[in-house]
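Just the heavy atoms: all of them, side chains too, but no hydrogens, waters or symmetry mates, feed the values below. What you are looking at is a predicted structure, and each value in this text was computed from that prediction instead of being measured.
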2 protein chains.
Amino acid sequence: MQTGKKILIADDEPDILEIIQFNLQTEGYEVVTAKNGDEAFEKAKKFLPDLIMLDIMMPGKNGIEVCNLLRKLPVFAETLIIFLTAMSDENTEIKGLESGADDYLTKPISPKVLLSKVNALFRRINSTKQDTGVVVIGDLKIDREKYNVSYKSEDIVLARKEFELLSLLASKPGKVFLRNEILNQIWGTEVIVGDRTIDVHIRKIRQKLDLDCITTVKGVGYKFEM
Amino acid sequence: MQTGKKILIADDEPDILEIIQFNLQTEGYEVVTAKNGDEAFEKAKKFLPDLIMLDIMMPGKNGIEVCNLLRKLPVFAETLIIFLTAMSDENTEIKGLESGADDYLTKPISPKVLLSKVNALFRRINSTKQDTGVVVIGDLKIDREKYNVSYKSEDIVLARKEFELLSLLASKPGKVFLRNEILNQIWGTEVIVGDRTIDVHIRKIRQKLDLDCITTVKGVGYKFEM
DNA sequence: TATAGTATTATCAAATTGTTAACGCCATGC
DNA sequence: GCATGGCGTTAACAATTTGATAATACTATA
C-alpha cells in the first residue's frame with residue numbers, strides 16, 4: 001500500500017517504537033521516530049507529519065507538554081495527535097484529551113488495533129469535508145444546511161439537540177469528546193445541565209440511528225466511529 | 001472540463017500561487033496570477049475575472065484594501081472574491097468578510113478544499129442567477145417577474161409577503177432558513193416584527209397552496225421541500 | 001463483589017409553533 | 001370625504017415538541 005502519509009512516533013521504549021514503526025511501514029506509511037519529548041517536538045517541526053503519536057510518559061518533555069506546544073503552532077492545528085498511555089491512567093488520559101489530542105491508545109498496543117485505528121483516522125479525515133457543511137461518513141450523511149441526517153438515503157429525523165450533538169461528534173470522527181467539551185460546544189458555558197442529560201441525548205441518537213456509531217469512552221466522553 | 005471561468009489569484013508566495021494555479025487549471029479554469037496587491041488590482045481591471053482570490057497579507061496593498069477598491073467599481077459588484085488567510089486569524093477573517101468578500105480559505109490550503117469551494121461558489125452563482133426568473137419545482141411554478149404562483153397550471157393568488165416568503169424558501173429547496181435569516185431577507189434588518197408574524201404567513205401559504213411543501217424545523221426555522 | 005460510571009425509562013417543565021381573531025393601515029372606488 | 005376590502009401585524013391561547021431531571025437498572029473494572 002502506498003499512502004504517502006507521514007507519521008511521527010515518540011516513545012522512550014525502543015521496543016515499542018520498533019514494533020509500531022514496523023507495522024506502520026508495512027502498511028505503507030512513512031515513519032519518523034523520536035526517543036523523547038524534545039526530539040519529538042523538533043522532528044515534528046522538521047517533518048510536518050500527518051499524524052503524531054506521543055507517549056505520555058517520556059523523559060524530558062512529556063507527551064502532553066509536547067502536544068500543547070505543537071497545538072500552539074498553526075501548522076499543527078489540524079494534525080492528528082494520538083497519545084500512547086499506560087492502562088488505567090485515566091487522569092492523564094483526560095488531561096491529554098483536554099490538551100487537544102484526537103484520540104489515545106492504551107498499552108500494551110496490539111498491532112491490529114493500532115493499524116485499524118490509524119487507517120480509520122486517515123480514512124475519516126479524507127472523507128470529512130468540513131467545507132460544504134455536508135459531512136459524509138460511509139452511508140451516513142449529515143447536512144448542516146438542510147438540517148437533516150440520512151442513512152443509506154433514508155431520512156432520519158433528529159431533534160435539534162440531537163442533531164447538534166451528532167453533528168459535533170461526527171465533525172471529527174475518531175476524536176473523543178470530553179463531556180465538558182460537549183457541554184461547552186452545545187449548551188455553552190452559561191447554561192448548566194446535568195451529566196445525565198448528555199447520556200439521554202446520546203441514547204436518543206443511538207435509538208433513532210439504529211447504528212453502532214457512537215462509542216462510550218468510560219470516564220472520559222464519547223466518540224463517533226463507523 | 002471546460003468552464004471558461006477566469007480566476008485571478010494574488011499571493012506573494014510563489015509556491016502557493018503555483019499550487020493553486022495548477023489545481024485550478026487542471027479543473028479547466030483560466031488562471032491569472034498577481035504577486036502583490038497593486039498588480040492584483042491592475043490585472044483585475046484588465047481581465048475582469050469571475051473569481052478573485054486575494055491573500056490578505058501582501059506587500060503594497062493588502063487583500064482587504066484591494067477588495068475594498070474593487071467593490072467600489074460597479075463591474076466588480078457581483079464578482080466573487082475569496083480571501084486567503086493564515087490560520088486562526090479570526091479578526092482579519094471577519095474584517096475580510098465585512099469588506100465584501102464572499103468566502104475565505106485558511107492556509108495551509110488543501111487542493112481538495114480549494115477546488116470544492118471554488119466549484120461550489122460557481123455552482124451557487126449559477127443557481128442563484130436562475131432565481132431571478134422563474135422557479136419550477138415539480139408542478140409548482142414561481143414567477144418572480146410576473147409575481148405569480150401556479151400549481152398544476154392553476155393560478156394561486158398570494159399576497160406580497162406570502163409570495164416573498166415562499167419565493168425565498170423555494171429558492172433553495174431543502175435548505176433550512178433560520179427565522180432570523182427570513183426576517184433579514186424579507187423584512188430587512190431595520191424593521192422589527194414579532195416571531196408569530198412569520199408563522200402566520202407560513203400558515204397562509206400552506207392554506208392557499210394546500211400542499212405539504214413547507215416543513216417546520218423546530219427551534220431552527222423552515223424549509224421548502226416537495 | 002463493591003464501586004463508579006453509564007444506560008434507560010418515565011415524567012414533568014419549558015420552549016416553540018399553530019391557529020384564530022382582531023386591529024390598524026392604506027389604496028381604491030363611490 | 002367616506003366606506004370598503006385586502007393586507008400585515010399582533011395578541012391570546014391551544015397544541016405540540018423538545019429538553020432536563022430523577023429514579024432505577026445495568027455494566028465494566030478493581
Side-chain angles (χ1 to χ4, degrees), chain A residues 85-91 93-94 97 106-108 147-149 156-169 176-180 182-183 185-188 190-223, chain B residues 147-149 155-169 176-183 185-188 190-224:
Chain A
T85 75
M87 213 90 168
S88 78
D89 203 357
E90 282 192 4
N91 276 335
E93 263 174 23
I94 293 169
L97 290 170
T106 48
K107 297 181 185 180
Y147 237 91
N148 74 1
V149 177
I156 294 161
V157 181
L158 296 182
R160 189 168 88 239
K161 282 274 186 285
E162 292 158 21
F163 182 86
E164 286 170 1
L165 183 49
L166 176 63
S167 183
L168 174 67
L169 295 179
V176 180
F177 287 84
L178 311 179
R179 296 181 97 92
N180 272 332
I182 294 173
L183 289 176
Q185 290 284 326
I186 297 187
W187 278 267
E190 292 166 30
V191 189
I192 294 166
V193 294
D195 257 11
R196 291 311 104 230
T197 303
I198 298 179
D199 306 20
V200 174
H201 287 296
I202 291 280
R203 155 113 179 75
K204 286 180 183 162
I205 295 171
R206 282 173 171 156
Q207 206 166 254
K208 288 185 180 176
L209 251 64
D210 192 26
L211 188 78
D212 189 28
C213 63
I214 296 177
T215 311
T216 304
V217 183
K218 266 195 109 162
V220 188
Y222 295 92
K223 68 173 162 178
Chain B
Y147 238 76
N148 74 358
V149 176
D155 272 13
I156 295 163
V157 183
L158 294 183
R160 191 165 67 251
K161 283 275 188 270
E162 292 158 19
F163 181 86
E164 286 170 2
L165 184 48
L166 175 63
S167 183
L168 174 66
L169 294 180
V176 176
F177 288 84
L178 312 178
R179 296 181 95 91
N180 274 331
E181 220 171 324
I182 295 173
L183 290 175
Q185 290 285 326
I186 297 187
W187 279 267
E190 290 165 32
V191 189
I192 294 166
V193 294
D195 257 9
R196 291 310 102 236
T197 303
I198 297 180
D199 305 20
V200 174
H201 288 296
I202 291 280
R203 156 120 178 77
K204 286 178 182 164
I205 295 171
R206 281 173 172 158
Q207 210 165 252
K208 287 185 180 175
L209 251 63
D210 192 27
L211 220 174
D212 189 28
C213 63
I214 297 177
T215 312
T216 303
V217 183
K218 271 201 109 158
V220 188
Y222 295 94
K223 68 175 160 179
F224 180 95

Would you mind reading off the distance between Ile198(A) atom CD1 and dT6(C) atom P, rounded to a whole angstrom? 10 Å
The side chain of Val200(B) is closest to which nucleotide in this list: dT6(C), dA20(D), dT10(D)? dT10(D)
Any salt bridge linking Asp199(B) with Arg179(B)? Criterion: basic side-chain nitrogen under 4.0 Å from a carboxylate oxygen. yes
For dT9(D) and His201(B) - does any side-chain N or O of the residue sit under 4.0 Å from the phosphate oxygens OP1/OP2? yes
What integer distance in Å separates Phe163(A):CZ from dT17(D):P? 19 Å
Would you indicate what Thr197(B) reaches in the nucleic acid, counting non-hydrogen atoms under 4.0 angstrom: base, sugar-phosphate, or nothing? base
Taken to the nearest whole Å, CD1/Ile214(A) to C1'/dT6(C) is 14 Å
Between dT20(C), dT8(C), dG18(C), which nucleotide gets closest to the side-chain atoms of Arg203(B)? dT20(C)
Whole-Å distance, Arg160(A) CZ to dG19(D) C1', equals 10 Å
May I have the distance from Asp199(B) (atom CG) to dA21(C) (atom C1'), rounded to whole angstrom? 16 Å
Please report the interatomic distance CZ(Arg160(A)) to NE2(His201(A)), rounded to the nearest 0.5 Å. 10.0 Å
For the side chain of Lys218(A) and the base of dT29(D), is some donor closer than 3.5 Å to an acceptor across the two? no
Does the side chain of Ile202(B) come within less than 4.5 Å of Tyr222(B)'s, by heavy atoms? yes
Using a cut-off of less than 4.0 Å, is there contact between a side-chain N or O of Arg206(A) and OP1 or OP2 of dA7(C)? yes
Distance check needed: dT16(C) C1' versus Arg179(B) CZ, whole Å only. 8 Å
Determine whether a donor-acceptor pair (N or O, by modelled atom type, separation under 3.5 Å) exists between the side chain of Glu162(B) and the backbone of Ala159(B). yes
Does a side-chain N or O from Tyr222(B) land closer than 4.0 Å to OP1 or OP2 of dT16(C), or not? no
Nearest-nucleotide 5' precedence on DNA chain C, Gln207(B) against Ile202(A): Ile202(A)
From dA20(D), dG19(D), dG18(C), pick the nucleotide closest to the side chain of Val193(A)? dA20(D)
Taking only side-chain N and O atoms of Trp187(B), does any of them lie within less than 4.0 angstrom of OP1 or OP2 on dG8(D)? no
First locate atom OH of Tyr147(A), then atom NZ of Lys223(B), and finally report the distance between them rounded to the nearest 0.5 Å. 11.0 Å
Phosphate OP1/OP2 of dG5(C) contacted by Thr216(A) side-chain N/O (<4.0 Å): no
Lys204(B) NZ to dG6(D) P: how many Å, rounded? 12 Å
If I take atom CG in residue Asp195(A) and atom P in nucleotide dA7(C), what distance separates them, rounded to the nearest angstrom? 11 Å
